[in-house]
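Step one of this worksheet: look at the structure below.
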There are 2 protein chains.
Amino acid sequence: MRQDTRLSRLLHVLLHMAETDAPLTSERIAAMLGSNPVVVRRIMAGLREGGFVAAERGHGGGWRLARPLEAMTLLDVYRSLDEPELFAFGLSNPAPDCLVERAVNGVLGAEVAAARESLLARFADIRLSDVRQDVALGRDRP
Amino acid sequence: MRQDTRLSRLLHVLLHMAETDAPLTSERIAAMLGSNPVVVRRIMAGLREGGFVAAERGHGGGWRLARPLEAMTLLDVYRSLDEPELFAFGLSNPAPDCLVERAVNGVLGAEVAAARESLLARFADIRLSDVRQDVALGRDRP
DNA sequence: AATCAAGTTACCTAAGAAGTTACGAATGAA
DNA sequence: TTCATTCGTAACTTCTTAGGTAACTTGATT
């Protein structure tokens, strides 16, 4: 299954936005991402609604950070995307009559829930300023 | 994104197979899953190649367990599917020139790798006999 | 031989991220 | 005012992969 790359792209964009005070247009962001302006506006919409970035229209407009990177976590960015599904696998039938299938759902569902909780807890702990620090250190594999 | 339900379905099938010594046809399994025989044969192929189940053709044929549930873990079943992607999200560009994107990949990639490792370790610890135990106890949420 | 069932190939369907086109709305410069 | 710029949206297409379906082959039993 093709993977959702929106989280990865948003992090990339936000870190670039922190490099300058001037607003970045969707056009320029799209060039950075190898994408196009409409896709950029689409994935940025949630961040705007969440107050993490601000967009201005017209001449000299574009996107600007509305908060410092210290005040944004990976979880914030994930949530701004409307918390899309994290896992590529899931239950075949969420509410079966079959007792066997209910037991399978119980085990698998519990593991997924635990993995999700633990991953989101990590996301909540990682600030974008931490990632910026990795850029400065030239880290691409921590 | 639509989720992959093969793991969930295989567990369901295997536990039903353990309830009887008689071989189960793909047709009957498909009825249990609300699917069809070709899909069943497709998802069972890996288990057959891995020696976890055996298939016999012709009259009185069908699928039978080749090992007790005590000797099969969730990880075995997952691997029999060729280890499909676990996560619904991923890196936009796995090998970018951009230093910012490399840092993003580093952080996100490390979190995914850790989550994957931890989830598969759990899968390795859970035997199908443990799930059967949950059926007996009527557990659908551990 | 006839029947049953797995094995396999080929093609279709569904769902969602991503790409594209087109247009509207707001803003600032000439 | 007029016009270029830029975001905001809607509508449509494209791509990918699990899943569904049909048709056929292979092998075993009666």
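Numbers restart at 1 for each chain; the letters A, B, ... are given by sequence-line order, proteins then strands.
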| task | Between A:V38 and A:R41, just flag the one whose closest nucleotide in DNA chain D comes earlier from the 5' side. | result | A:R41
| task | Spell out, as yes or no, whether a donor-acceptor pair under 3.5 Å connects the side chain of B:R139 to the backbone of A:A103. | result | no
| For B:R9, which contact category applies under a 4.0 Å heavy-atom criterion: base, sugar-phosphate, or nothing? | sugar-phosphate
| Between D:dA18 (P) and B:D82 (CG): distance, integer Å | 10 Å
| field | Positive for side-chain contact (heavy atoms from CB on, under 4.5 Å) with B:I29, one of B:V39, B:N36, B:V40 | value | B:V40
| message | Using the side-chain heavy atoms of A:A55, tell me which of these nucleotides is nearest: D:dG8, C:dA5, C:dT8. | response | D:dG8
| task | Supply the atom-to-atom distance A:L15 CG to A:L69 CG, rounded to the nearest 0.5 angstrom. | result | 6.0 Å
| Distance test, side-chain N/O of A:R6 to OP1/OP2 of C:dA18, below 4.0 Å | yes
| query | Between C:dG19, D:dG8, C:dG16, which nucleotide has the shortest distance from any of its atoms to the side chain of A:S35? | reply | C:dG19
| task | Quickly work out the A:N36 CG to C:dT20 P distance and round it to whole Å. | result | 5 Å
| said: Using a 4.0 Å heavy-atom cut-off, does B:R28 contact any base of the nucleic acid, only the sugar-phosphate backbone, or nothing at all? | reply: nothing
| message | Please determine whether a side-chain nitrogen or oxygen atom of B:T5 lies at a distance below 4.0 Å from atom OP1 or OP2 of D:dG19. | response | yes
| Out of D:dG8, D:dA18, C:dG19, which nucleotide sits closest to the side chain of A:V39? | C:dG19
| task | Rounded to the nearest angstrom, tell me the gap between atom CE in B:M44 and atom P in D:dG19. | result | 15 Å
| field | A:R64 side chain near D:dC7 phosphate (N/O to OP1/OP2, under 4.0 Å) | value | no
| message | Whole angstroms only, please: what is the CZ-P distance between B:F89 and C:dG16? | response | 19 Å
| task | Could you check whether the rings of A:H16 and A:H12 sit parallel, tilted or perpendicular, using 30° and 60° as the cut-offs? | result | tilted
| task | Measure from CG on B:L81 to C1' on D:dG19 and round the result to the nearest Å. | result | 14 Å
| request: Check the distance between C:dA1's P and B:H59's NE2 and give it to me in whole angstrom. | output: 16 Å
| request: Respond yes when some side-chain nitrogen or oxygen of B:R42 is under 4.0 Å from OP1 or OP2 of C:dA10, and no when none is. | output: no
| field | Sugar-phosphate, base or nothing in reach of B:G60, heavy atoms under 4.0 Å | value | nothing
| remark: Contacts of A:R57 and A:I43 projected onto DNA chain C by closest heavy atom; the upstream (5') one is A:I43
| task | Calculate the interatomic distance between A:R2 atom CZ and C:dA15 atom P; express it in whole Å. | result | 17 Å
| field | Residues A:R2 and B:E85 bridged, charged N to O under 4.0 Å | value | no
| request: Examine D:dC7: is either OP1 or OP2 under 4.0 Å from a nitrogen or oxygen in the side chain of A:S26? Give yes or no. | output: yes
| said: Please check this pair: side chain of B:R64 against backbone of B:A54, looking for a donor-acceptor N/O pair closer than 3.5 Å. | reply: no
| Quick one: A:I29 CD1 to D:dC7 P, roughly how many Å, whole number? | 7 Å
